[in-house]
Amino acid sequence: MPELPEVETIVHGLNSCLAGRRIKELIFLSPHLKNKQPPSALRPEAYRALKIDKIWRRGKMIVFSFQDRRGLLIHLRMTGQLYLAEPNQPLDRHTHARMTFLKLRRELRFRDIRKFGFLCCLEMGEIEKRLKAELGPEPLDIELREFLERLKQHGKKRLKGWLLDQKIIAGIGNIYSDEILFRAGLLPERKAGSLSLAEAKKFWRAMRSILKRAIELKGSSISDYVDSTGQRGEFQKQHRVYGRKGELCFRCRRGRIEKKKICGRSSFFCPVCQS
DNA sequence: AGCCCATCCTGTCCGC
DNA sequence: TGCGGACAGGATGGGC
């Protein structure tokens, strides 16, 4: 479900409400979360009375860091949600964990319809190790120079797959990859190594401006995405290609947006003004 | 090396 | 209205 801008929004909301708070209890509600814990995982009971230092994000991963170097590593994948609820709000069969706090009425819930996501109880050292091994640089931190290097290094990949590869750059998913490529005027099937310097610079700038704008607008609410406080994002109103199959291109006003499966994901692009 | 495909799940939507 | 199939914001692993 969520990509970098949505995860950023969720994390920001959670951090402002929960940083510095002490946990009362962390409770797993369904067996599937327990089954997803790696062998090195801590038990949920180990989090009782721990204080949350902060909640932050790396790529699409969400990290809770606690005192005593304990942590939680969370990935929402397609349908995961992390939100604050009133205790009397009903729990459905898709709610897999809840966390309660001292001196706070509301509780945190982890809900995930398709069960692709995970919430793992790990030592911080373990979490840092995994983030390092699994994720490339942040798209809003990477400098042009390194961006160019990575384009060359993975030059045989198509731009779509290049953007979606979390080891190359972390945090971009299907919606933002299409919106970035549209803004850059590049076709998703172009090879990463085929860009001129001017094209690559435009691509880098497009990535930054799309993600910054999406964060400002608190992400894209398509179907039912809401942030930790139940607020919808607004960036879906600025989508130029995603979900617009057959519609007229907003930029050239001649092409019709095409939809095609590329690198395993449906991709939207304008065949006239992307090349 | 990198693409395609199936897979992990459940819900929704579309065409008949 | 019911039913079957396609599809969904993610990621991985096998086969080619």
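Please read these numbers as outputs of a predicted model, since none were measured by experiment. Order of the sequence lines sets the chain letters (A, B, ...), proteins ahead of strands, with each chain counted from 1.
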Checklist entry - Can any side-chain N or O of A:R58 pair as donor or acceptor with the backbone N or O of A:I62 at less than 3.5 Å? => result no
Checklist entry - Is A:L84 reachable from A:L26 through a run of hydrophobic residues whose side-chain heavy atoms are each under 4.5 Å from the next? => result yes
Next on the checklist: Expected output check: what is the dot-bracket annotation of DNA chain C, where ( ) and [ ] are pairs inside the strand (brackets for crossing ones), | is paired with another strand, and pairs are Watson-Crick or G-U under 3.5 Å?
Outcome noted: .|||||||.|||||||
Item to check | C:dG5 versus B:dA6 - spacing of their P atoms, nearest Å | outcome: 15 Å
Next on the checklist: Both A:E3 and A:K167 contact DNA chain C. Taking the nearest nucleotide for each, which residue is further toward the 5' end?
Outcome noted: A:E3
Checklist entry - In residues 109-136 of chain A, which ones come under 4.0 Å of DNA chain B, going by heavy atoms? => result A:I113, A:R114, A:K115, A:F116
Item to check | Integer angstrom distance from the P of C:dT12 to that of B:dG11 | outcome: 25 Å
Checklist outcome for this item: Applied to residues 22-31 of chain A, the side chain to side chain donor-acceptor pair (under 3.5 Å) test, sequence neighbours excluded, yields A:R22-A:Q67, A:S30-A:H96
Checklist entry - If we only count heavy atoms from C-beta on, is the A:C121 to A:F28 side-chain gap below 4.5 Å? => result yes
Item to check | salt bridge (Lys or Arg N to Asp or Glu O under 4.0 Å) partners for A:E134, two or more places apart | outcome: A:R130
Item to check | Between P of C:dA8 and CG of A:N174, the distance in whole Å | outcome: 8 Å
Item to check | side chain to side chain donor-acceptor pair (under 3.5 Å) pairs, two or more places apart, involving residues 264-275 of chain A | outcome: A:K160-A:S267
Next on the checklist: Just the rounded figure in Å: distance from P of C:dA11 to CD1 of A:I172.
Outcome noted: 11 Å
Checklist entry - Can you pull the side chain to side chain donor-acceptor pair (under 3.5 Å) pairs that have at least one residue in residues 71-81 of chain A, sequence neighbours excluded? => result A:T79-A:D112, A:Q81-A:R111
Next on the checklist: Give the residues of residues 206-214 of chain A touching DNA chain B, defined as any heavy atom closer than 4.0 Å, sorted by residue number.
Outcome noted: none
Item to check | Other ILVMFWY residues reachable from A:L91 by side-chain steps of under 4.5 Å | outcome: A:I27, A:L29
Next on the checklist: Could you check whether A:R244 makes a cation-pi contact with A:F250, meaning its NZ or CZ is under 6.0 Å from the centre of the six-membered ring and within 45° of the ring axis?
Outcome noted: yes
Next on the checklist: What's the separation between atom CZ in A:F182 and atom CZ in A:R251, rounded to the nearest 0.5 Å?
Outcome noted: 3.5 Å
Checklist entry - Expressed as a whole number of Å, how far does the P atom of C:dC3 sit from that of B:dC9? => result 25 Å
Item to check | Strand-adjacent residues in residues 257-270 of chain A, judged by heavy atoms under 4.0 Å from DNA chain B | outcome: A:C263, A:G264
Checklist entry - Who are the salt bridge (Lys or Arg N to Asp or Glu O under 4.0 Å) partners of A:E3, not counting sequence neighbours? => result none
Item to check | Along DNA chain B, first and last positions that approach a heavy atom of chain A under 4.0 Å | outcome: B:dG2 to B:dG11
Checklist entry - CD of A:E143 to CG of A:L148: how many Å apart, nearest 0.5 Å? => result 11.0 Å
Checklist entry - If you group Ile, Leu, Val, Met, Phe, Trp and Tyr by side-chain heavy-atom gaps below 4.5 Å, do A:L42 and A:M99 land in one group? => result yes
Checklist entry - What about the rings of A:F110 and A:F118, do their centers lie closer together than 6.0 Å? => result no
Checklist entry - What is the nucleic acid contact for A:H32, judged by heavy atoms within less than 4.0 Å: base, sugar-phosphate only, or nothing? => result nothing
Checklist entry - When you check the phosphate oxygens OP1 and OP2 of C:dG9, does a side-chain N or O of A:Y242 lie under 4.0 Å from one of them? => result yes
Item to check | Salt-bridge criterion met for A:E45 and A:R48 (N-O under 4.0 Å) | outcome: no
Next on the checklist: For DNA chain B, which residues of residues 147-166 of chain A approach it to below 4.0 angstrom with any heavy atom?
Outcome noted: A:H154, A:K156, A:K157, A:R158
Checklist entry - Is a side-chain N or O of A:R21 found less than 3.5 angstrom from the main chain of A:I52, in a donor-acceptor match? => result no
Item to check | From CA spacing to verdict: salt bridge (Lys or Arg N to Asp or Glu O under 4.0 Å), A:E149, A:K152 | outcome: CA-CA 5 Å; A:E149 269 170 31; A:K152 197 183 285 179; over 6 Å; no
Next on the checklist: Determine whether A:N174 and A:Y242 satisfy the following criterion, side-chain contact (heavy atoms from CB on, under 4.5 Å), listing intermediate values before the conclusion.
Outcome noted: CA-CA 9 Å; A:N174 205 33; A:Y242 187 81; 4.1 Å; yes
Next on the checklist: Is there a side-chain contact between A:H75 and the phosphate of C:dG10, meaning an N or O under 4.0 Å from OP1 or OP2?
Outcome noted: no
Checklist entry - What distance separates A:L181 CG from A:E189 CD, expressed to the nearest 0.5 Å? => result 11.0 Å
